[in-house]
Amino acid sequence: KNQVEQSPQSLIILEGKNCTLQCNYTVSPFSNLRWYKQDTGRGPVSLTIMTFSENTKSNGRYTATLDADTKQSSLHITASQLSDSASYICVVGGEDSSYKLIFGSGTRLLVRP
Amino acid sequence: SAVISQKPSRDICQRGTSLTIQCQVDSQVTMMFWYRQQPGQSLTLIATANQGSEATYESGFVIDKFPISRPNLTFSTLTVSNMSPEDSSIYLCSVGSFYEQYFGPGTRLTVT
């Protein structure tokens, strides 16, 4: 069964600290993996997208890594800011033309001053 | 990228009634998607709406409950019919390609 699991479920950190969110997937065949940020009351916004041949991709203070062999990804946030408080969703695209995505349940991050 | 707007942004409805949610995109797109996000959960695909053809529904979702219209390449509607409290969710539309999807801000629906 195609699944995407994220950990931790929630996380609280102090402003300025770094953190790493984890994503494990069992989607096969695999095409790409995305990380989205969803602010409360908003739709998800894409942070990074990686194909199976990419190991890392950065977007400002956000760096995503991908190990297609172990089917694991991580999202590292550097020097956190209060505005980073949101849900971070790992999404995997299968290798077909249906555009169907498999969503993780997300990690809720709270950055405190 | 695409800019997506949804109406209404939120609504409180009585059980047994229906609500139609509108999704407007600032550019022509082939595929539009409707998702549901129940409280504390991630997104679940309801259906894919292509212009000029019937919407394709995912397992667990039926046309009688969630009829969809796609009259042109920039607009779609999703109706939540005969609502019950279990339909209380955020409903989001999305557009995109195989490698990127853009989401609307969502419609927060509460059924009492």
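Letters A, B, ... mirror the listed sequences (proteins, then strands); counts begin at 1.
When side chains are defined from C-beta on, A/Ile89 counts as touching B/Leu43, because their heavy atoms get closer than 4.5 Å. Contact check for A/Tyr36 versus B/Gln101: side-chain heavy atoms found under the 4.5 Å cut-off. Using a 4.5 Å heavy-atom cutoff, the side chains of A/Pro44 and B/Leu92 are in contact.
Note that the OG1 atom of A/Thr40 and the CD1 atom of B/Ile90 stand 8.5 Å from one another [nearest 0.5 Å]. For the atom pair OG of A/Ser46 and CZ of B/Phe103, the computed distance is 9.0 Å after rounding to the nearest 0.5 Å. Residue A/Phe103 holds its CZ atom at 9.0 Å from CD of B/Gln37, rounded to the nearest 0.5 Å.
A/Ile77 and A/Leu14 end up in different hydrophobic clusters when Ile, Leu, Val, Met, Phe, Trp and Tyr side chains are linked at under 4.5 Å. A/Val45 and B/Tyr91 fall into different hydrophobic clusters, where Ile, Leu, Val, Met, Phe, Trp and Tyr are joined by side-chain heavy atoms under 4.5 Å apart, directly or via other members. Under the 4.5 Å side-chain contact rule for hydrophobic residues, B/Phe61 and B/Leu19 share a cluster. B/Val3 and B/Met32 are members of different hydrophobic clusters when ILVMFWY side chains are connected at heavy-atom separations under 4.5 Å.
The number of heavy atoms from other shown groups lying within 6.0 Å of CD1 (B/Ile12) does not exceed 12. Counting heavy atoms of neighbouring residues, nucleotides and ligands inside a 6.0 Å radius, atom CZ of A/Arg61 exceeds 12 of them. No more than 12 heavy-atom neighbours from other residues, nucleotides or ligands sit within 6.0 angstrom of CD on B/Glu54.
Looking only at distances, no side-chain donor or acceptor of A/Ser105 sits under 3.5 Å from a matching main-chain atom of B/Ser42.
Using a 4.5 Å cut-off between heavy atoms, A/Gln38 touches chain B through its side chain atoms alone. Contacts between B/Gln6 and chain A at a heavy-atom distance below 4.5 Å are absent for every atom of the residue.
The candidate from B/Arg10, B/Arg108, B/Glu58, B/Gln41 with the greatest count of non-hydrogen atom pairs under 4.5 Å with chain A is B/Glu58.
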